[in-house]
Amino acid sequence: ARLVVLVSGSGTNLQALLDAATDPGYGATLVAVGADRDGILALKRAEDAGVPTFVIRLKDHPDRSAWDRALRDEVRRHAPDLVVSAGFMKLVGPDFLAEFGGRTVNTHPALLPSFPGMHGARDALAYGVKVAGCTLFVVAEGIDDGPIIAQAAVPVEDGDDEQSLHERIKAAERALLVEQVGRMAREGWTITPAPTAAPDTRG
Ligand code: GRF
């Protein structure tokens with residue numbers, strides 16, 4: 001499967017996919033990495049791996065809808081089977097979703113539907129949860145509200161601050177992303193929630 005990955009930051013999720021894709025049996029190859037801004041480590045990670053990159057800046061377009069169409073057109077050029085939004089800090093719009101909806105997934109550092117939005121890990125910590133985690137879901141029109149594909153739980157430790165908790169979540173997040181993207185790529189991109197282990201009720 002051909003992957004396009006969208007990023008806005010440090011790119012540790014991207015790096016996990018780049019590393020996984022070096023295995024020819026993984027089932028997915030990264031054909032391009034796109035960003036909404038320059039000068040981020042994620043773009044350097046892609047360049048170091050020899051993966052083509054592109055940047056679609058909001059300020060280069062008259063409005064968000066024009067930006068959305070520009071992003072759609074650039075992603076289309078790479079003919080992806082799957083688009084992975086990994087730390088991408090923009091909401092894709094209706095034109096993008098008209099073309100790539102249903103095969104665009106996003107990873108979020110909280111157990112949706114709890115704590116959607118820009119600061120999932122911080123909001124969970126502030127709420128006082130004892131278990132945090134991450135969610136891989138199908139991007140839909142709303143904010144972080146698409147069908148859930150898989151989740152992973154992460155304990156909150158005494159003394160955690162946002163950074164320590166988010167780092168622990170990100171370790172689980174990139175493992176979940178690599179596992180699920182590989183599964184979907186090999187299964188021919190069927191968006192089905194991961195089989196959850198049925199509780200062993202035999203006692
Ligand atoms: C990830 O936790 C992602 O879920 C959140 O921001 C973080 C991006 O990390 N939206 P990175 O850029 O993949 O290192």
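The shown structure was predicted, so the numbers you read here are calculated from the model rather than taken from an experiment. Just so you know, ligand 1 is whichever comes first in the structure, and atom 1 is the first atom listed for that ligand. Throughout, numbering of the chain's residues begins at 1 and tracks the sequence.
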(request) Apply side chain to side chain donor-acceptor pair (under 3.5 Å) to His119 and list each qualifying residue two or more places apart in sequence or on a separate chain. (result) Arg122
(message) Any salt bridge linking Arg76 with Asp73? Criterion: basic side-chain nitrogen under 4.0 Å from a carboxylate oxygen.
(response) yes
(message) Using a 4.0 Å cut-off to any heavy atom of Thr107, which atoms of ligand 1 qualify?
(response) 4 (O)
(message) Give me the residue, atom name and distance of the protein heavy atom closest to atom 12 (O) of ligand 1.
(response) Gly11 N, 2.8 Å
(message) Tell me whether Arg77 is salt-bridged to Glu74, with the criterion being a basic N under 4.0 Å from an acidic carboxylate O.
(response) yes
(request) Please confirm whether Met89 comes under 4.0 Å of ligand 1, counting heavy atoms of the residue only. (result) yes
(message) Less than 4.0 Å is my threshold; does some heavy atom of His166 fall inside it relative to ligand 1?
(response) yes
(request) Could you find the nearest protein heavy atom to atom 4 (O) of ligand 1 and give me its residue, atom name and distance? (result) Glu173 OE2, 2.4 Å
(request) For atom 8 (C) of ligand 1, find the nearest protein heavy atom and state the residue, atom name and distance (0.1 Å precision). (result) Gly87 CA, 3.6 Å
(request) May I ask whether Val7 has any heavy atom positioned less than 4.0 angstrom from an atom of ligand 1? (result) no
(request) Show the numbers, then the answer: is there a side-chain hydrogen bond (donor to acceptor under 3.5 Å, both in side chains) between Asp161 and Ser164? (result) CA-CA 5 Å; Asp161 60 12; Ser164 61; 3.0 Å; yes
(request) Return the orientation label for the Trp67 and Phe88 ring planes: parallel under 30°, perpendicular over 60°, tilted otherwise. (result) parallel
(message) Can you tell me if Ile143 has over 12 outside heavy atoms packed within less than 6.0 Å of its CD1?
(response) no
